[in-house]
Structure formats: C-alpha cells, structure tokens
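All residue numbers in this chain count up from 1 along the given sequence.
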Amino acid sequence: MTYSRRFILSTLVSVPLLVACRKGKAAEADNWTLFKNRFFKDGRISDSGNGNISHSEGQGYGMIQAEAAHDKATFDALWQWTKTHLMRPDMALFAWRFDPSQSNPVSDQNNATDGDILIAWALLRAEKRWPKNGYGQDSEAIRKSIGKKLVLSGGGETILLPGLQGFTGTDYVILNFSYYIWPALKAFNEADNGAWHNVIESGKKLLAKAKFGLPQLPTDWVAFKNNGNLEPAADKQPYFGFDAVRIPLYLIWGGEDALAAPFAIYWNSYLSHNQPVPAWVDVNSQAIAPYPLSKGGMAILDLAMNKPITAKITDQDDYYSSALLALSEIAAKERPHNR
C-alpha cells in the first residue's frame, strides 16, 4: 500500500504508538494462539511446508496443544475432523495423510504410529480435563488397536512398529525412536494397568544402544536386526535429523533426562564454540546440514539445556518448526521436576 509523503508526515507522531500497540498485541499472544491462527482451519492442521496436507501427527499435535490451553472448542473440532476423515474403517487407527489437492484425499490407508499415540494421549488428557465426554473410551479403543497391531516381540525385545505396513524385513524391523512418545506411553501404562511396561523398558534399552558414529546419536530410522544389533536403516540417509530431533523432546517430557543427556552434549559442542547448530548430521561421514536447526529445534535444544523457552511463532515459521516450539513450551511446564 502506498501513502503520500504529506500523509506520512502528518501522521508521524502517531506511528510509534500504533507500532507499539501492534507489538504489544503480538507479544501478548501465546504460541497456541499463534499456531492455531496460522495452521488450523475447519478442523484440521495444515502442513505449510508440504502443500498444506494434513497428518495424523499434526492433528495430534493440535489436540495436545488445545487440551493444554483449555481450548475445548478447538479440541473437539480437531477430534471430529480426525475421526471423520482419517480413522480407518477396520480399526481404531488413522490414515497418516490427507491431501486436499487429490480427488481421493486419503488414498494411503497406512498409519503413522506417532500420530495414533498423540491422538490417543490427547484424548486421555482430555478425559481428565473434561470428563464424561467420551474421550476416555475413544482413547482406550485407539490404545487397544496400537497394542494389538503395532506392538510385537522380536530379538528378545518388545518393539513398537512405526506403521502397519512397510517396516519389516526378513531379518530386521525398522524403528523410529521419535515415535516413542514417552509421556504418552507412561500415561497409557498407568491407564492400562501396566500393559505398556515391556514397550517402555525395551524402548529405553534399545534407544540407549542406538548410538552411531562420532556423534553417538540415533538416526531418524534404525534397523533392529534379528540378532539384536542396531544400525542405521540401509535405505534411509544416516542422519540425526528432522525426525530424531524430537527424541529428546519426548524423553524430557517423559522424565527420562538421563537418556536425553547425549543430545545436549552434542548440541553443546557447537554452542561452546559459538557455532550454529546444524539441522542434521550424517553419523557416518560427520557431514552437516548447510543450514541451522529450526526455531522449533532450537526450542528442543533449550529444553535439553534446561533453558527458558521464550521464542514466539511468526509468519516465517513453518508448521513443523512451529509445532516443535509450541510442544517444547508445554513440555517445559510439564516436565516431571517442574510439577
């Protein structure tokens, strides 16, 4: 918009006050409000970095945030949309993707286990905050499906599959440790009388062993061999990257600070030398991303370093970075030693 020079000069005195008011309003908005205003519409969370598709993961992220913010109206809108558009007809699990640009927006019925867990956990939390709305029964049905369809035994361990299809081979199973949402699994274990104990204990044991290369960090995708060995998944980049960055978030949120310590040590190796933290590292070659960790990733770093999380979501931040930032803020408030 263009204004005349005369108008600009005549209103110069009022401009600082107007700008200050706008800044004040922006500062007052919390990250849930900022996230909702940017990414929520008509019951779904849109992934701005991927053609505005929606994921079961994103719906879960939104539901967790809405519950933490006591925003029942948005929580219900998210849950109703998720049930209507993503729930599979044959079991209480969710198709992982909704693509509004396609004639069949849900063409792939495969699930993503982290999305299922997040949704079930959000419902379990909602039952405590707003009882007698059916959230508890809905959560229980999803938990039962996860336990029946996605938990299996192999190599002497009880493991959590990342999805129904595509993650098993003749002598291995693919794991994604960022799908182990520790505070959720612990809440499930309490609600289900210890039924998740073996998943939790095996998951912690395997994660403690998943230390690869010089960084001694897990990769986004890990192959668990029948002989009990772990190695970076052969068909994926051997990166500690965009998936695995969530591992310390969930560990700290779930009270597993000791398992989160290696991530803080790695990140501190950059901070102590006043170097930007890269978005990913190749655990085999030590090659690093040519760009830094996102704002959301840096919020997880702050959480791991026990620093206050003060960043705000802006119009420049994409869905994933914004979600990580907002969730890190909630985790900081809910981490066990802060309760």
Side-chain angles (χ1 to χ4, degrees), residues 55-57 86-97 106-120 142-182 184-185 188-189 195-247 250-251 259 262 280-287:
H55 315 265
S56 59
E57 159 213 279
L86 296 182
M87 183 173 276
R88 291 173 55 119
D90 56 341
M91 65 187 77
L93 298 175
F94 302 88
W96 74 279
R97 180 179 63 189
V106 188
S107 58
D108 184 355
Q109 285 288 312
N110 204 14
N111 73 308
T113 302
D114 63 331
D116 300 326
I117 291 174
L118 286 162
I119 293 165
I142 301 164
R143 298 195 310 268
K144 285 182 177 178
S145 287
I146 296 169
K148 183 177 180 180
K149 300 292 185 178
L150 299 165
V151 175
L152 55 84
S153 297
E157 304 292 347
T158 303
I159 58 179
L160 188 65
L161 285 174
L164 290 164
Q165 300 172 349
F167 299 100
T168 58
T170 55
D171 66 340
Y172 67 89
V173 173
I174 297 297
L175 304 178
N176 187 318
F177 286 108
S178 74
Y179 285 25
Y180 282 74
I181 302 168
W182 302 105
L185 294 173
F188 294 176
N189 197 52
W196 299 84
H197 174 79
N198 290 343
V199 173
I200 292 168
E201 294 307 312
S202 282
K204 291 194 294 184
K205 178 181 174 182
L206 292 171
L207 177 58
K209 291 170 58 179
K211 296 179 178 179
F212 307 124
L214 187 60
Q216 288 291 281
L217 294 172
T219 47
D220 293 339
W221 298 93
V222 176
F224 176 45
K225 310 287 281 188
N226 285 354
N227 61 10
N229 291 337
L230 294 166
E231 58 190 46
D235 62 340
K236 306 287 186 182
Q237 295 282 10
Y239 290 173
F240 168 72
F242 297 108
D243 274 31
V245 72
R246 297 175 294 186
I247 297 172
Y250 298 142
L251 285 170
L259 281 170
W280 51 259
V281 58
D282 184 319
V283 300
N284 291 337
S285 70
Q286 280 75 69

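Counting heavy atoms from C-beta on, the side chains of Leu251 and Leu207 come closer than 4.5 Å. Between Val222 and Leu206, the closest side-chain pair of non-hydrogen atoms is not below 4.5 Å. Side-chain contact check for Ser145 versus Met91: some heavy-atom pair is nearer than 4.5 Å. Looking at Ser56 and Ile119, their side chains come closer than 4.5 Å, going by heavy atoms from C-beta outward.
Between the side chain of Thr113 and the main chain of Leu161, a donor-acceptor pair closer than 3.5 Å is present. Between the side chain of Ser178 and the backbone N or O of Ala244, no donor-acceptor pair lies under 3.5 Å.
To the nearest 0.5 Å, atoms CG (Leu185) and OH (Tyr250) are separated by 11.0 Å. Atom OG of Ser153 sits about 7.5 Å away from atom CG of Asn198, to the nearest 0.5 Å. With rounding to the nearest 0.5 angstrom, the CZ atom of Arg88 is 5.5 Å from the CG atom of Leu164. Here the CG atom belonging to Asn176 is positioned 4.5 Å from the CG atom belonging to Asp243, to the nearest 0.5 angstrom. Here the CG-OH distance, from Leu118 to Tyr179, works out to 10.5 Å after rounding to the nearest 0.5 Å. Note that the CH2 atom of Trp96 and the CG atom of Asp108 stand 6.5 Å from one another [nearest 0.5 Å].
By the 6.0 Å contact criterion, NZ on Lys225 is enclosed, its count of non-hydrogen atoms from other residues, nucleotides or ligands being greater than 12. Counting non-hydrogen atoms of neighbouring residues, nucleotides and ligands closer than 6.0 angstrom, the NZ atom of Lys144 reaches no more than 12 such neighbours.
Arg97 and Ser107 make their closest contact through NH2-OG, 4.5 Å (heavy atoms, listed as atom of the first residue, atom of the second, distance). Scanning all heavy atoms of the two residues, the minimum distance from Trp196 to Arg143 falls at CZ2-O, 3.5 Å. Of all non-hydrogen atoms in Pro215 and Val281, the two that sit nearest each other are CG-CG2, 4.1 Å. Summarising the geometry of Leu93 relative to Asp116, their closest heavy-atom pair is CD2-OD2, 3.5 Å, with the distance given to 0.1 Å. Among all heavy-atom pairs drawn from Glu157 and Phe224, the shortest one is CG-CZ, 3.9 Å. Nearest heavy atoms, Phe177 versus Ala210: CE1-CB, 3.8 Å.
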Please tabulate, one pair per line, all N/O donor-acceptor pairs under 3.5 Å involving side-chain atoms of residues 230-241, not counting sequence neighbours.
none

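Residues Arg246 and Glu57 are paired through a salt bridge, judged by an N-O separation under 4.0 Å between the basic side chain and the carboxylate.
For the pairing with Tyr180, the side-chain contact (heavy atoms from CB on, under 4.5 Å) check across Ile200, Leu160, Ile247, Ile117 returns one residue only, Leu160.
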